[in-house]
Amino acid sequence: MTTAATVTGIWDLSIATPIGKITAVIELREEGGALSGVARGAGEEVRLDGLALTGDRLTWKQAVTRPMRLNLAFDVTVTGDSLAGTSRAGRLPASRVSGLRRTDRAESWGER
């Protein structure tokens, strides 16, 4: 079973959108049994809202302003050090998301 502790770390994401591939990095950490995180990409850093882990399914929302202002909803399945799923921006078609966790734990959040 996937737990908050098993999804923590730095993840490199690739999002296949209608306008091309977008890359981003998310950092997840556990604080008192709850998940928190941030995303970095396109020159901005945003907080991940509503992070929820149910079984191996991880969901969250984030608002971005680059390349355009969008409210995104992510729904991915975590399997070990990889994840796959979708990102949806309002009524736009869902975009495929894939990601790999960085294995260099020295780079993890709070150890910079």
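Because only heavy atoms are used, hydrogens play no part in the values below, and waters and symmetry mates are left out as well, while side chains stay in. Heads up: numbering here begins at 1 and tracks the sequence.
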Determine the minimum heavy-atom distance between [X] and [Y], stating which atoms define it.
{"X": "Ala39", "Y": "Gln62", "value": "CB-NE2, 3.7 Å"}
{"X": "Thr86", "Y": "Ala94", "value": "CB-CB, 4.1 Å"}
{"X": "Glu30", "Y": "Thr8", "value": "N-CG2, 3.5 Å"}

To the nearest 0.5 Å, what is the distance between [atom1] on [X] and [atom2] on [Y]?
{"X": "Leu58", "Y": "Ile26", "atom1": "CG", "atom2": "CD1", "result": "6.5 Å"}
{"X": "Leu48", "Y": "Leu35", "atom1": "CG", "atom2": "CG", "result": "9.5 Å"}
{"X": "Lys21", "Y": "Ser95", "atom1": "NZ", "atom2": "OG", "result": "13.5 Å"}

If a pair satisfies ring pair (Phe, Tyr, Trp, His ring centres under 6.0 Å) and one of its residues is in [range], list it, with sequence neighbours excluded.
{"range": "residues 22-41", "result": "none"}
{"range": "residues 17-46", "result": "none"}
{"range": "residues 41-60", "result": "Trp60-Phe74"}
{"range": "residues 36-55", "result": "none"}

Legend entry - Inter- and intrachain pairs under side chain to side chain donor-acceptor pair (under 3.5 Å), touching residues 47-59, at least two apart: Arg47-Asp49, Arg57-Asp75
Legend entry - side chain to side chain donor-acceptor pair (under 3.5 Å) pairs, two or more places apart, involving residues 11-20: Asp12-Arg102
Report the residues that fulfil side chain to side chain contact (heavy atoms under 4.5 Å, CB included) with [X], sequence neighbours left out, ordered by chain and then residue number.
{"X": "Ser82", "answer": "Thr79, Leu100"}
{"X": "Glu44", "answer": "Val46, Val64, Thr65, Arg66"}
{"X": "Ala89", "answer": "Leu70, Leu72, Leu92"}

Legend entry - Electrostatic pair Arg29:Glu31 at N-O distance under 4.0 angstrom: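 Yes.
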Legend entry - Expected output: side-chain Arg101 to main-chain Leu83 donor-acceptor under 3.5 Å: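 No, Arg101 side chain to Leu83 backbone: no donor-acceptor pair under 3.5 Å.
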Inset, instruction - Mind jotting down which residue pairs meet the salt bridge (charged side-chain N to carboxylate O under 4.0 Å, His left out) criterion with at least one end in residues 82-96? Sequence neighbours excluded, please. - result: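 Sorted result for residues 82-96: empty, none.
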